[in-house]
Amino acid sequence: MRKFAAENGCGLREIPQGSIVRLRFPFRAGRRNPITDRLRHFGVWGQRCEEKRLPEFWLSRDFWIGCLSGLIDTDGCVRERVNPRGVVHGSVEFATVSPWLATQVSDILLRLGVANRVRLDQRRKKKVHSVNGYDVVSRRPIHIVEISRATALVRLAGLLDLRIGYKSSKLKRLVNIVGHVAPARSEMHGYDESVALDRVKSISVPWVQRVYGVSVNPSGLFVVNGIVTGAVPESAAVASGQ
């Protein structure tokens with residue numbers, strides 16, 4: 001951001017310790033805002049709320065971790081619950097009205113090894129309140145990406161760098177409470193540490209045989225035995241007779 005400000009003549013202001021950096025674009029006649037130009041380049045500027053999505057560019061792992069941190073800082077929450085038996089459970093949730101953005105966030109989490117699920121909160125069309133005499137009606141359903149497994153929460157906490165103080169402290173407290181929960185090792189749940197630590201030594205094609213593919217919607221990715229796995233496209237499955 002400092003380099004971008006220097007190249008485009010933007011104003012730059014930093015909060016102490018560099019925790020927050022703010023850019024202010026220059027007011028120059030005949031020149032567009034260089035920040036919005038850059039956002040347009042990545043295709044993330046000017047989208048409707050229900051059509052918001054992340055850029056379809058190859059970007060670094062650090063970028064996606066920072067992006068997830070920002071999304072949870074703004075539109076996410078950390079929940080702590082106690083069941084009737086007194087056992088503490090928790091979750092980290094990200095909510096959006098954009099189904100595409102929810103799917104992308106779920107995929108990014110899976111690529112980082114964080115199991116999650118996407119659920120739909122179908123809000124009823126009812127009058128909520130009015131502004132200047134106009135009724136405000138909730139219409140769009142909310143897509144919620146939820147991370148609730150203890151092992152996934154621990155891994156997520158080790159990745160995120162939340163800037164909102166109360167969310168960061170709540171996540172740390174939650175991890176301290178559920179961090180003792182060991183990963184499930186049954187065939188139904190996976191997370192077999194011996195499999196996760198295996199390394200591929202060689203790849204060969206000794207024969208051709210019939211295989212079966214798994215299709216998963218809407219994400220296209222799922223976790224099996226702690227390994228992120230991609231689903232087989234339906235067209236490929238049909239073409240090969242799977």
Side-chain angles (χ1 to χ4, degrees), residues 1-77 92-114 116-118 120 139-147 155-164 167-168 216-222 228-231 233-236:
M1 291 180 71
R2 296 185 186 98
K3 182 180 178 182
F4 181 86
E7 292 175 349
N8 294 276
C10 298
L12 184 69
R13 184 166 65 90
E14 296 189 40
I15 305 301
Q17 289 83 45
S19 58
I20 299 178
V21 180
R22 299 183 187 277
L23 286 177
R24 182 181 296 275
F25 66 89
F27 294 95
R28 295 182 180 178
R31 182 176 179 181
R32 300 174 71 181
N33 180 346
I35 299 177
T36 55
D37 283 345
R38 192 63 177 165
L39 294 175
R40 287 189 181 95
H41 168 73
F42 286 103
V44 296
W45 181 264
Q47 299 171 344
R48 295 173 59 89
C49 61
E50 71 275 14
E51 298 174 352
K52 287 184 178 179
R53 62 185 64 189
L54 297 170
E56 296 181 355
F57 281 73
W58 184 92
L59 296 164
S60 68
R61 181 176 183 272
D62 289 339
F63 172 86
W64 290 120
I65 291 174
C67 182
L68 286 174
S69 300
L71 289 173
I72 294 175
D73 265 334
T74 52
D75 294 322
C77 64
V92 174
E93 300 175 6
F94 167 71
T96 177
V97 296
S98 168
W100 185 262
L101 180 58
T103 299
Q104 288 181 307
V105 169
S106 177
D107 281 350
I108 294 168
L109 288 167
L110 286 172
R111 293 179 190 277
L112 295 171
V114 179
N116 65 87
R117 71 186 183 103
V118 181
L120 184 65
R139 296 172 181 156
R140 300 184 182 89
I142 300 177
H143 302 265
I144 301 174
V145 183
E146 180 181 355
I147 304 99
R155 181 169 180 81
L156 182 67
L159 294 171
L160 297 182
D161 181 17
L162 300 181
R163 304 300 177 91
I164 304 300
K167 291 183 182 181
S168 177
V216 179
N217 289 320
S219 167
L221 291 175
F222 54 98
V228 179
T229 306
E234 291 185 6
S235 58

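All values reported here derive from a predicted model rather than from experimental measurement.
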Exercise. Can you name the side chain to side chain donor-acceptor pair (under 3.5 Å) partners of R61, sequence neighbours left out?
Worked result: none
Exercise. What residues form a salt bridge (charged side-chain N to carboxylate O under 4.0 Å, His left out) with R117, not counting sequence neighbours?
Worked result: E146
Exercise. So among L68, L110, V118, which one has a side-chain contact (heavy atoms from CB on, under 4.5 Å) with V105?
Worked result: L68
Seminar exercise, completed: For P55 and W64 the tightest heavy-atom approach is O-CH2, 3.8 Å
For this session: Could you tell me the separation between the CZ atom of F94 and the CG atom of N116, rounded to the nearest 0.5 Å?
Result: 12.0 Å
Problem set entry | E50: salt bridge (charged side-chain N to carboxylate O under 4.0 Å, His left out) partners, not counting sequence neighbours | R48, R140
Exercise. Who passes ring-ring contact (aromatic ring centres under 6.0 Å, His included) against F63, sequence neighbours left out?
Worked result: none
Problem set entry | More than 12 heavy atoms of other groups within 6.0 Å of K52 NZ | no
Problem set entry | Which residues share a side-chain contact (heavy atoms from CB on, under 4.5 Å) with I72, sequence neighbours left out | V92, L160, L162
Problem set entry | Residues in side-chain contact (heavy atoms from CB on, under 4.5 Å) contact with W100, at least two apart in sequence or another chain | R53, E56, S98, Q104
Exercise. What's the spacing between L71 CG and L54 CG if we round to 0.5 Å?
Worked result: 6.0 Å
Problem set entry | For V97 against H143, the heavy-atom pair lying closest together | O-CD2, 3.8 Å
Problem set entry | Inter-residue atom distance L109.CG - R111.CZ, 0.5 Å rounding | 11.5 Å
Exercise. Closest approach of L159 and L112, non-hydrogen atoms and distance?
Worked result: CD1-CB, 3.9 Å
Seminar exercise, completed: Applying salt bridge (charged side-chain N to carboxylate O under 4.0 Å, His left out) to D161 and not counting sequence neighbours gives R163
Exercise. Quick one: side chain to side chain donor-acceptor pair (under 3.5 Å) partners of Q47, sequence neighbours excluded?
Worked result: none
Exercise. Roughly how far apart are S106 OG and I147 CD1, rounded to 0.5 Å?
Worked result: 8.5 Å
